[in-house]
Amino acid sequence: MLFKSATISIIFLLNRYRPKTLKELWNMEDEKIINLYFERNESAVDETALKYGQFLKSIAYNILGDNMDSEECENDTYYAAWNKIPPEKPRNLSAFLARITRNTALNKYDYYHAAKRKNGVDIALSELEDCIASKDTVDAQYEQTLAAKHISDFLRETNYIKRVVFVRRYWYLDSISDISARYKYSESKVKSILMRTRNSLRKYLERQGVTI
Amino acid sequence: MNKIKLSRTIGLIDDDLILEANNTMKVRKTIGFRKIAVIAAIILLLSGITVLAGNIIVYYTVGSGYMRNEPVYDTLPSSDTIKKDIGLETNLLENFSNGYSFEAGNISYEENFDSEGNLIEEYKSLICYYKNKDNDIILGIDGSSLLGTNENSKIVSTYQGSIMHYVSYTNKLVPGDYQMTEQDKIDESSGKYVFSFGMPEPKTSQVQVLIWNYKGLNYSFTVIDSDITEQEMIEMAKEIIDKQG
């Protein structure tokens, strides 16, 4: 699977960069894959795995830190996608799949970590606790969605680098060292960016009267 | 509050924010090869499958940039749009007289650092892709205080008071974990090769860059493994200058 992905990339390179063609190809592939789901063609899963397998597994691995569990989440994602499409027709297949994987991994994480062990995910989420006021009794989907909308709005108004670092840390649950490696900042710089962004987010959410 | 609930709330943020953070990476580059490195980033970013597979890091020594995976502009952006989105006052050409036509445009987010790593400026630049049959040429425009020439570039033309610099070099694209040999380091410092990291397999490309400044903006043309001549690039640059009025 990896070999095939790499081969495709090399083909792109050898053909040089043709932006529109490439964009069309990218979108067309997604559309083609979605159509396969609609046709109930089982190769939909193979095509999804070929294009997104590594991406999905990396999301699960960030949460679970275990290869076997991550593969299981990846497979659960294909199963869920198979059941959801149709009737759903994702506007963006990669985000659609990534959300499924993330939720599946979090469910698994929740199940495994009822015993209160602290790992990287705990640490990442603990950092955010001060931003969003706790209100355990009010956990309605509506309020959660509203809070997420405010967070999205806040991120859009935020400096580009702060935004992507924040999303890497708290959506993809990347470790500080992974973010540092990805963006070539020192770990202390990443921590500083995150701290300032969290502080700004907290103030922003307070102004919006957001509680979860 | 329950951390899982908290994470699920964050998990509901909009798709574009999730994709943006996955489709971008940082590019570090020498000031002398600012545009060059951006082009390497374009190639890597647009081989989207590789990016999604992760572990893509391209870096040079000074300066950095970010770019979205998918083009922002599918049609030629107007001067007003460019001004609004990027803050640059420029007029783009839809077509050049030698047959190149606008294909797509992207916004690159760039930072320049001094030799001690202090941020000296942050800015957006416009990257446009033009196509002529099987040939592509990439136009970069920014308002940075640094033009991006280096000791290997030569002055090839002057037009309307604008001095044009040209450089041609070999770009070695290597895997992210590639360990540079002593010879590689010598070749890099001599300007013989520019190294780009993050490719699944090694590849060598021939790159040509034409750089000029006009009315306070830096412009560059970059081609990779193209038959286009230095003179053709100069003529295209002149057309852009004429378009600025």
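Because only heavy atoms are used, hydrogens play no part in the values below, and waters and symmetry mates are left out as well, while side chains stay in. Letters A, B, ... are given to chains in the order of the sequence lines, protein chains preceding strands, and every chain is numbered from 1.
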- Message: If you count every heavy atom of other residues, nucleotides or ligands that lies below 6.0 Å from A:Lys149 atom NZ, does the total exceed 12?
- Response: no

- If you measure from CG on A:Asp153 to CG on B:Asp14, what distance do you get to the nearest 0.5 Å? 7.5 Å

- Compare every heavy atom of B:Ile13 with every heavy atom of A:Arg99, then report the nearest pair and how far apart it is. NH2-O, 2.6 Å

- Is there a side-chain contact between A:Arg169 and B:Ile10, using heavy atoms and a 4.5 Å cut-off? no

- CG of B:Leu12 to OG of A:Ser152: how many Å apart, nearest 0.5 Å? 8.5 Å

